[in-house]
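Since we're looking at a predicted model, the values are computed, not measured. All values below were derived from every heavy atom in this structure, side-chain atoms included, with hydrogens, water molecules and symmetry-related copies excluded. Naming: A, B, ... by sequence-line order, numbering from 1 per chain.
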2 protein chains.
Amino acid sequence: MTGFSSMATTSTAEGEAYRFILAGIRTARFKAGERLIPEEIATEIGMSRMPVREAFRRLATEGLVLIRPNRGCVVAGLTVEEIFEVFEMRSVLEGLAVRLAVPRLDSDAFAELDRLLDRMERSGDGGQDWVARHREFHEYICSFANRPKLLRQIASLHVTIEPYLRIWFHHAAKPLTAREEHQAIIDSLRAGDPAAAEALMSEHILTTAPTLTGFALETRGGG
Amino acid sequence: MTGFSSMATTSTAEGEAYRFILAGIRTARFKAGERLIPEEIATEIGMSRMPVREAFRRLATEGLVLIRPNRGCVVAGLTVEEIFEVFEMRSVLEGLAVRLAVPRLDSDAFAELDRLLDRMERSGDGGQDWVARHREFHEYICSFANRPKLLRQIASLHVTIEPYLRIWFHHAAKPLTAREEHQAIIDSLRAGDPAAAEALMSEHILTTAPTLTGFALETRGGG
DNA sequence: ATTTGGATGAGTGTATCCACTTATCCAATG
DNA sequence: CATTGGATAAGTGGATACACTCATCCAAAT
């Protein structure tokens, strides 16, 4: 069963399990508070419990699931306070990333940013992947900071709140101020002042938080 | 071997392995680039290699070790750029923590801070645990921010650079400007201006970075 | 002497097995 | 009828077993 050298699967079963569960959490197939049973997941993706368990550990370290000894693994729901906390952390980390990115942005980058902004806006009308586009937009900017650990941390924080963004976006309307806020960020990047761009990005993220947490409060999204 | 209900050991073997390896990395018993062999560690702390492997996963997620498929687990040495990056991240995250902490600090807290500063200074003369004291000082301040995820992230970053701080402190002299910088931070906290305290802490951490990375460059500490 | 190819052994990844813990449910009891 | 206690099932943590990969080393060939 294990010896198919021709298989082009991912290098390890653990990695496969990790990505599978991660995707499930991000798309809210696995909802906050839901218990993840190793055996079920293992059989679904055709492996034993062990690599799944190891994937759990990775997810737990990233704060995406909670493992209590002898009580299994549950998807980590965030309280309203925790959602806010994640936004605070993103606020300073993405602020830092933007500050570092500013001197490295070239005209190609700005062209791509305009494109991403458009795509985000268009997806908002028809498709439901505004969240993914929005994420792309932020990540593209941050990628210019050229700081791998910083990027990974930002991405990890984003995954954490992505399910809540999706719920929000699904129930409420698309954030109408988003377009202009993001345009303002692009303008600020073009202006080339790192401190100003950092401040603007920080503020942008922080001001998004109350809207989302307020909505989460209404719909009892917290854990 | 497993059924001793009276044993007050840590709840899981994985947790025990994790703490064991973590301590080893922090104290540089396990040095950067060194390969960690599950079987060896497992027998040393009296368990099988599986919980050790799981501990590896956790450490890898935190960036403390590197796991390459079929090539084992090595302690993650940081390049000079990466050390700098970690300081940058600490700079903004601890800045945030301080900003949030300021309104929550009371006179008891300041008394404790004075004590911690003294202890840090005293340990600098005789013992070699200035690094641990320094860490306590920073963590105590940050703890008042009341942000669990933020604290964990800061702690995780600190562990990453702790071995380098130890090498630095061992080879070079104790940072002489440290005392006054930390006193300035305490003063700033007493003044009660969150923004000012944030800026000062940010700057304190950022200015420490070049000293350490410069030293690391000399002694070829990078991986 | 240097290079190459294969044997050998160490180490890794996963599956399976076992002991133990926790949860569930039902019956007996107050 | 509510409560409690125990049987039973479900699930978790850890150990072991096994197949495979990678590194090392030595011998043969150039």
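Between the CZ atom of B/R53 and the P atom of D/dG14 there is a distance of 14 Å, rounded to whole Å. Distance CD (B/E16) to P (D/dG13): 15 Å, rounded to an integer number of Å. For B/M50 and C/dG11, the CE to P distance is 19 Å, given to the nearest whole Å. Rounding to whole angstrom units, OH of residue B/Y18 and P of D/dG14 are separated by 16 Å. Going from atom CG of B/N70 over to atom P of C/dG9 covers 20 Å, rounded to whole Å. Across the protein-nucleic acid pair, A/M47 atom CE and D/dC18 atom P stand 22 Å apart, rounded to whole Å. C/dT12 atom P lies 9 Å from atom CD of B/E39, rounded to whole Å.
Cation-pi contact between B/R104 and B/F144: absent, since separation from the ring centre below 6.0 Å together with deviation from the ring axis within 45° is not met. Cation-pi contact between B/R53 and B/F56: absent, since separation from the ring centre below 6.0 Å together with deviation from the ring axis within 45° is not met.
Between A/K149 and B/V86 there is a side-chain heavy-atom pair separated by less than 4.5 Å.
Remark: A/F84 engages no residue in a ring-ring contact (aromatic ring centres under 6.0 Å, His included) (not counting sequence neighbours).
Remark: the B/R49 side chain and the C/dG11 base include no donor-acceptor N/O pair separated by less than 3.5 Å.
Residue B/R35 places no side-chain N or O under 4.0 Å from the OP1 or OP2 atom of D/dC22. Phosphate contact (OP1/OP2 of C/dA23, side-chain N/O of A/R71, threshold under 4.0 Å): present.
Counting any heavy atom pair closer than 4.0 Å across all strands shown, A/E14 reaches sugar-phosphate atoms only and no base atom.
Nearest-nucleotide mapping onto DNA chain C: of A/P69 and B/P69, the residue sitting toward the 5' end is B/P69.
For DNA chain C, none of the residues of residues 54-66 of chain B falls under the heavy-atom distance limit of 4.0 Å.
Nearest to the side-chain atoms of A/P51 among the listed nucleotides C/dT12, D/dA15, C/dT14 stands C/dT14.
No donor-acceptor distance shorter than 3.5 angstrom exists from the side chain of B/H134 to the backbone of B/W130, with no hydrogens or angles considered.
Smallest separation of non-hydrogen atoms from A/R90 and A/I205: O-CD1, 3.8 Å.
Between A/H138 and A/H158, the distance separating the two ring centers is not shorter than 6.0 angstrom.
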